2 protein chains.
Amino acid sequence: MRLFHARGYDAVGVAELGSELGIKPPSFYAAFGSKAGLFERALQRYAAGEANIFARARAEGGGVAEVVERTLLLAARLYPERNGVAGCLVLDGARNSADPEACALAEEMRKAGVAALRDFIAEEAPERAGALADFVTIAMRGMSAAARDGADEAALTSFAQMASRAFRRELAAEG
Amino acid sequence: MRLFHARGYDAVGVAELGSELGIKPPSFYAAFGSKAGLFERALQRYAAGEANIFARARAEGGGVAEVVERTLLLAARLYPERNGVAGCLVLDGARNSADPEACALAEEMRKAGVAALRDFIAEEAPERAGALADFVTIAMRGMSAAARDGADEAALTSFAQMASRAFRRELAAEG
DNA sequence: GAGAAAATATAGTGGTCGCTACAGAATCGT
DNA sequence: ACGATTCTGTAGCGACCACTATATTTTCTC
C-alpha cells in the first residue's frame, strides 16, 4: 500500500512488492492472484482506515458546511508528503496507469466516495447536491495533485480555507 | 504530443512514438536525443499553442478577477476528453512517472506558469498574490485530474464558476 | 555516372515487466 | 516415523522497455 501510494500503480513492480512483504513471487500470486489483486486490497485498506477523510469529518457531527470544511482541512493536513507518500491513493494511485483493471478499481472507489458525499449534501441542498459534491471532489483532486507536486501543508490549508468559504457561500445561496 | 497527452509519459513507448511520427528508432534518437527530449519538445509546443490558457485569457485584457475567471472557464472548455485526450499535459502528463527527467521537465513548466500567474495577481494584490495564485493552480490541477477521470464540460464549468466567484471574493476581501 | 556522406532500416543490446513451471522443503494426518 | 500434501524458492517464460551497432539505401558532390 505504501509503495503504490508513493509511486503509483505502474511504477512499482511485483518483485519490489514481494520483497517489501517478505515473500517471493509464487507466494505473492497465491495470496493476491495478481498485482491488481493486491492493489484492490491496498485500496480497501486505505479507504477503511484513517485516510477516509470524509467519514472522519462526518463522524464529528455538524451540518453540511461544517463537515465539508473539516474534510477539506483534514485533506490539507493529510496530503502533504510524508516519508515519500503524498496525496490520495484513490485519487492519484492509478493515474496514467496503463492497466485498465487498476484504473477501474480506483474509479469505482472514487465513484463510491462522491456518491456518499452527494447523498450527504442532499440532506440540506437536494437540488444542487451534485454540483456541490463535484466542487468538493474536484477541489480534493487538486489538493492531492498539488501535494504530489510538492505543496506543503500551509499552501494546502490556505486553499482548503478558501474552498471551504466558497462552499459555505454556494450552499447558502439559493440555487 | 498527442500520445503523451492521452496516456501519460510512461505509458507510451518509443516504438509507438516512432510509428506515429513515421520514423524508426534510430531516426527518432537522431532527431530528439531521447524519449525525454521529445517530451520536452511536446511540452514546449503545448505551452506555446492554444493550450496556454492563462496567456489567452490575459490577452483579452481586463482586471485580475476577469482574467482568472476566463482562465478557469477556458480550462473547463478545453480539458474534457476529446479524441482520447483530456486534462492538461503539463499538469498531468508526467504524473506518477518513474522517469525523473520527465518529472523535472513538467515541474519546471508548472513553476513557470504559477510564477507568471502570481506576478500578474500581484499587480492588484501584492500581499496575497502567492496564496491566490496557489488557489487558482490547485483548482486547475483539480479540473485537469477530474477531466482525466471523465468529467464533462458541464461539471467542469460548474466548478469553474464557483471557483471564479470564490476568487473574486477572496481578492476583494482585505487580507 | 562514380564516389563520398548523410540518413535510413534491420536487427539486437541488456534490462525489466507480470507471471509461472518445477523442484525442494516444511507441514500434516495417520 | 512415514507418505501425502501444501507451501516456498529458484529459475525462467515471453513480451516489452529505452536505446544502439551495423548494414544498407538514399542523397548529394563533382
Side-chain angles (χ1 to χ4, degrees), chain A residues 1-46 84-85 87 89-109 148, chain B residues 1-46 84-85 89-90 92-109 148:
Chain A
M1 176 172 115
R2 202 184 69 244
L3 286 171
F4 280 140
H5 196 170
R7 301 213 300 270
Y9 183 80
D10 280 16
V12 40
V14 168
E16 196 173 358
L17 289 167
S19 80
E20 186 80 6
L21 295 169
I23 60 176
K24 304 282 176 175
S27 304
F28 178 90
Y29 283 93
F32 307 111
S34 69
K35 183 184 174 186
L38 175 57
F39 186 58
E40 181 172 15
R41 299 255 310 234
L43 283 174
Q44 287 168 352
R45 189 186 189 90
Y46 182 78
V85 175
L89 175 63
V90 175
L91 296 180
D92 280 321
R95 186 154 319 276
N96 284 342
S97 169
D99 185 336
E101 193 173 350
C103 295
L105 287 166
E107 172 156 3
E108 193 180 338
M109 212 152 253
R148 287 191 153 237
Chain B
M1 176 172 115
R2 203 183 69 243
L3 286 171
F4 280 140
H5 197 171
R7 302 213 300 270
Y9 182 80
D10 280 17
V12 40
V14 168
E16 196 173 356
L17 289 167
S19 81
E20 185 79 6
L21 296 169
I23 60 177
K24 305 281 177 174
S27 305
F28 178 90
Y29 283 93
F32 308 111
S34 69
K35 183 183 174 187
L38 175 58
F39 186 58
E40 182 172 13
R41 298 256 309 233
L43 283 174
Q44 287 167 352
R45 189 186 189 90
Y46 182 77
V85 175
L89 175 63
V90 174
D92 280 321
R95 188 158 313 279
N96 284 343
S97 168
D99 185 336
E101 193 173 350
C103 295
L105 288 167
E107 173 156 3
E108 193 180 337
M109 212 152 253
R148 288 192 153 237

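Atom set for the values below is all heavy atoms of this structure, side chains included, hydrogens, waters and symmetry mates excluded. Treat the numbers as computed from the prediction; the structure is a model and nothing was measured. Below, chain A is the first sequence line, B the second, and so on; all start at residue 1.
Remark: A/Glu108 pairs with no residue by the side-chain hydrogen bond (donor to acceptor under 3.5 Å, both in side chains) rule, at least two apart or across chains. Take A/Gln44 and apply the side chain to side chain contact (heavy atoms under 4.5 Å, CB included) test, not counting sequence neighbours, and it matches A/Glu40, A/Met109. With sequence neighbours excluded, no residue forms a side-chain hydrogen bond (donor to acceptor under 3.5 Å, both in side chains) with A/Glu101. Qualifying salt bridge (Lys or Arg N to Asp or Glu O under 4.0 Å) partners for A/Arg148, counting only residues two or more places apart in sequence or in other chains: none.
A donor-acceptor contact shorter than 3.5 Å is absent between the side chain of A/His5 and the backbone of A/Gly84. Under the 3.5 Å distance criterion, the side-chain polar atoms of A/Asn96 are matched with a main-chain donor or acceptor of B/Asp92.
Between A/Ala94 and A/Ala102, the shortest heavy-atom contact is CB-O, 3.8 Å.
Between C/dC19 and A/Tyr29, a contact under 4.0 Å exists linking OP1 or OP2 to a side-chain N or O.
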Sequence neighbours excluded and cut-off under 3.5 Å, please list the side-chain donor-acceptor pairs for residues 13-20 of chain B, or say none.
| residue | atom | partner | partner atom | Å |
| --- | --- | --- | --- | --- |
| B/Glu16 | OE1 | B/Arg7 | NH2 | 2.6 |
| B/Glu16 | OE2 | B/Arg7 | NH1 | 3.3 |
| B/Glu16 | OE2 | B/Arg7 | NH2 | 2.9 |
| B/Ser19 | OG | B/Glu16 | O | 3.1 |
| B/Glu20 | OE2 | B/Arg2 | NH1 | 3.2 |
| B/Glu20 | OE2 | B/Arg2 | NH2 | 2.5 |

With a 3.5 Å cut-off and sequence neighbours excluded, list the donor-acceptor pairs that the side chains of residues 27-39 of chain B form with protein atoms.
| residue | atom | partner | partner atom | Å |
| --- | --- | --- | --- | --- |
| B/Ser34 | OG | B/Ala36 | N | 3.4 |
| B/Ser34 | OG | B/Gly37 | N | 3.1 |
| B/Lys35 | NZ | B/Tyr9 | O | 3.1 |
| B/Lys35 | NZ | B/Val12 | O | 3.0 |

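A nucleotide of DNA chain D counts as in contact with chain A when one of its atoms lies under 4.0 Å from a heavy atom; the first and last such, 5' to 3', are D/dT8 to D/dT10.
If you take CG on B/Leu105 and CD on B/Glu107, they are separated by 10.5 Å, rounding to the nearest 0.5 Å.
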Whether each nucleotide of nucleotides 9-17 of chain C has a protein heavy atom under 4.0 Å at its base (B), only at its sugar-phosphate (S) or at neither (-) is summarised, 5' to 3', as BB-------
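Annotation: proximity of residues 94-106 of chain B to DNA chain C (heavy atom, distance under 4.0 Å) is found for no residue.
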